[in-house]
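Below is one structure; the comments refer to it alone.
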2 protein chains.
Amino acid sequence: MTNRGWVTLPRPMPHHGKIPRPTAKRLSLYLRELESRIGQGETTISSKQLGQALGLTDAQVRKDLAFFGQFGHPGIGYPIGELIARLRSILGTDREWHAVVVGAGNIGRALLAYGRFQRKGFRIVAVFDDNPRVIGSDLAGHTVLAMSALPALVRQQDVKIGIVAVPAEAAQAVADQLIAAGVPGILNFAPKRLDVKNAVSVVSVDFSVALEQLAFQVSLGFTGSLDEE
Amino acid sequence: MTNRGWVTLPRPMPHHGKIPRPTAKRLSLYLRELESRIGQGETTISSKQLGQALGLTDAQVRKDLAFFGQFGHPGIGYPIGELIARLRSILGTDREWHAVVVGAGNIGRALLAYGRFQRKGFRIVAVFDDNPRVIGSDLAGHTVLAMSALPALVRQQDVKIGIVAVPAEAAQAVADQLIAAGVPGILNFAPKRLDVKNAVSVVSVDFSVALEQLAFQVSLGFTGSLDEE
DNA sequence: CTTTGTGAAATTATTCACAGCA
DNA sequence: TGCTGTGAATAATTTCACAAAG
């Protein structure tokens, strides 16, 4: 059974053992909004302001932030800079993560061109494919490598993230190879659930699912946003 | 306040007024698994099998499916074909949806090349951009149009989905133009919450958020999947 | 014996509401 | 006054567990 509901924080985090899953998902959203505001020169923010920007209640914001320390100031709000530093440290984006892309097709190509990865601390260090016609070709500055080169590269470059950008039929096999090579995190773009036997972390991004959710809402005439929860 | 928690089904759906939001999100996953199985020649499936494939309990699957009719057979399971037809009808993917892409950059390009959209019943009928240097150029068979042409095209082609594939700074303005043009659904790829004043439906896909979730889990040593709920 | 459909119970998440600080 | 932090209350969701059906 997949671990659900709670996420355990490592020891060095002061007296905050567990974070509910929905909270964990909102952390990125808080960070995004805070980064945008500090860029505008703002230095503090209240739970109400932050909630408003994200479509959440102020109480929700406070509860979420309370999970990892209390450094809001009554009557003032939260110091944006500190909050950003803390969120980055919790989310792990204060470190640099080496990633590999498997699959030199459309999605792989788009990911390599997508500058935002670098800015968030993720560095794509290699691209793999198992199609002999693609291996050796150049993709946005990377020579496409054969899958057989994966384990050595993962070891040498300390790769932590494997991005699965292959068709659904090949996705499970690729995931198995990534796991075998020792990659602890998988970002899955294939429209297929990956069975990772609880050995690694997986997050999936599926356009078709997103599109279906949207079609569903539109056909119901439902209005509002289904993305911030 | 954004509508949350319930989604109201239209009249012709027999005695099933409301579906909880988490259920609505799982519908796409059920459909995907069922389509894969019918392709293998299977004709029925039990809640236990379906749950196992998706990392859910059998009770959860049964509760979800019970929301839109009861056509499982005790001792047998659910007829896959019927279930697929019903899910497609509920999700709206038994119709064809016309979509436009706004933003002729990397993401826009990748979406046009991504064949899966067509297969799911979504047809991209036009691509827009506001950069004069891009307008008029060809993108995967589409001549990139100026934003000023949006309202007329939306009307003529009965466009139901607008795909926002522009940088965060431009996203809100693009959303406003789509809403003004009468597009009822927005798929947002910009890393920014869109304020749509409850006028339309929005679903967001954010790579950075996904990556941060993954980094978070990996740094916690959390294993398992955070995508099927 | 298997599997559905579903109330009832348990769990999880959100909102309320207010004491206390700036 | 404005705002945080947090128990208590409420609401939403999942799981249990079992009667009824194939």
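Proteins get letters first, then strands, A, B, ... in listed order; numbering begins at 1 in each. Just the heavy atoms: all of them, side chains too, but no hydrogens, waters or symmetry mates, feed the values below.
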With the criterion being N/O to N/O and under 3.5 Å, what pairs connect the protein with nucleotides 3-5 of chain D, and how long is each?
residue : atom : partner  : partner atom : Å
dC3(D)  : O4'  : Gly75(A) : N            : 3.0
dT4(D)  : OP1  : Ser47(A) : N            : 2.8
dT4(D)  : OP2  : Ser47(A) : OG           : 2.6
dG5(D)  : OP1  : Phe71(A) : N            : 3.4
dG5(D)  : OP1  : Gly72(A) : N            : 3.0
dG5(D)  : OP2  : Tyr78(A) : OH           : 2.7
dG5(D)  : N7   : Arg62(A) : NE           : 2.7
dG5(D)  : O6   : Arg62(A) : NH2          : 2.9

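- Phosphate contact (OP1/OP2 of dT15(C), side-chain N/O of Thr57(A), threshold under 4.0 Å): present.
- Atom NZ of Lys25(A) is separated from atom C1' of dT14(C) by 16 Å (rounded to the nearest Å).
- In terms of modelled atom types and a separation under 3.5 Å, the side chain of His98(A) and the main chain of Gln157(A) share a donor-acceptor contact.
- Across dT15(D), dT14(C), dG7(D), the shortest atom-to-atom separation from the side chain of Arg26(A) is found for dT14(C).
- To the nearest angstrom, P of dG5(C) lies 13 Å from CG of Leu50(B).
- Checking side-chain atoms of Arg37(A) against main-chain N and O of Ile80(A) turns up no donor-acceptor pair under 3.5 Å.
- Not a single donor-acceptor pair under 3.5 Å links the side chain of Glu33(A) to the backbone N or O of Leu54(A).
- Using a distance-only test at 3.5 Å, with no hydrogens or angles considered, a donor-acceptor pair links the side chain of Ser219(A) to the main chain of Ala215(A).
- Between the side chain of Gln177(A) and the backbone N or O of Met147(A), no donor-acceptor pair lies under 3.5 Å.
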**Item:** side-chain hydrogen bond (donor to acceptor under 3.5 Å, both in side chains) between Ser204(B) and Asn188(B), intermediate numbers included
**Value:** CA-CA 4 Å; Ser204(B) 289; Asn188(B) 175 37; 3.2 Å; yes

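- Using a 4.0 Å cut-off between a side-chain N of Lys or Arg and a carboxylate O of Asp or Glu, Asp158(B) and Lys160(B) qualify as a salt bridge.
- Using a 4.0 Å cut-off between charged side-chain N and carboxylate O, Glu35(B) and Arg88(B) make a salt bridge.
- Within residues 33-42 of chain B, no residue has any heavy atom closer than 4.0 Å to DNA chain D.
- Atom-to-atom, CG of Leu56(A) to P of dA13(C) comes out at 15 Å; the value is rounded to the nearest Å.
- Taking atom CG of Asp64(A) as the reference point, atom C1' of dT12(C) lies 14 Å away to the nearest angstrom.
- Put simply, CZ on Arg21(B) is 18 Å from C1' on dT14(D), counting in whole angstrom units.
- For Gln60(B), a side-chain nitrogen or oxygen approaches OP1 or OP2 of dT15(D) to under 4.0 Å.
- The interatomic distance linking Leu27(A) (CG) with dA13(C) (C1') rounds to 16 Å, in whole Å.
- As rounded to whole Å, 15 Å separates atom C1' of dT2(C) from atom CD of Gln52(B).
- Aromatic ring centres of Phe122(A) and Tyr114(A): separated by at least 6.0 Å.
- Donor-acceptor pairing under 3.5 Å, judged by distance alone, is present between the side chain of Lys63(A) and the base of dT15(C).
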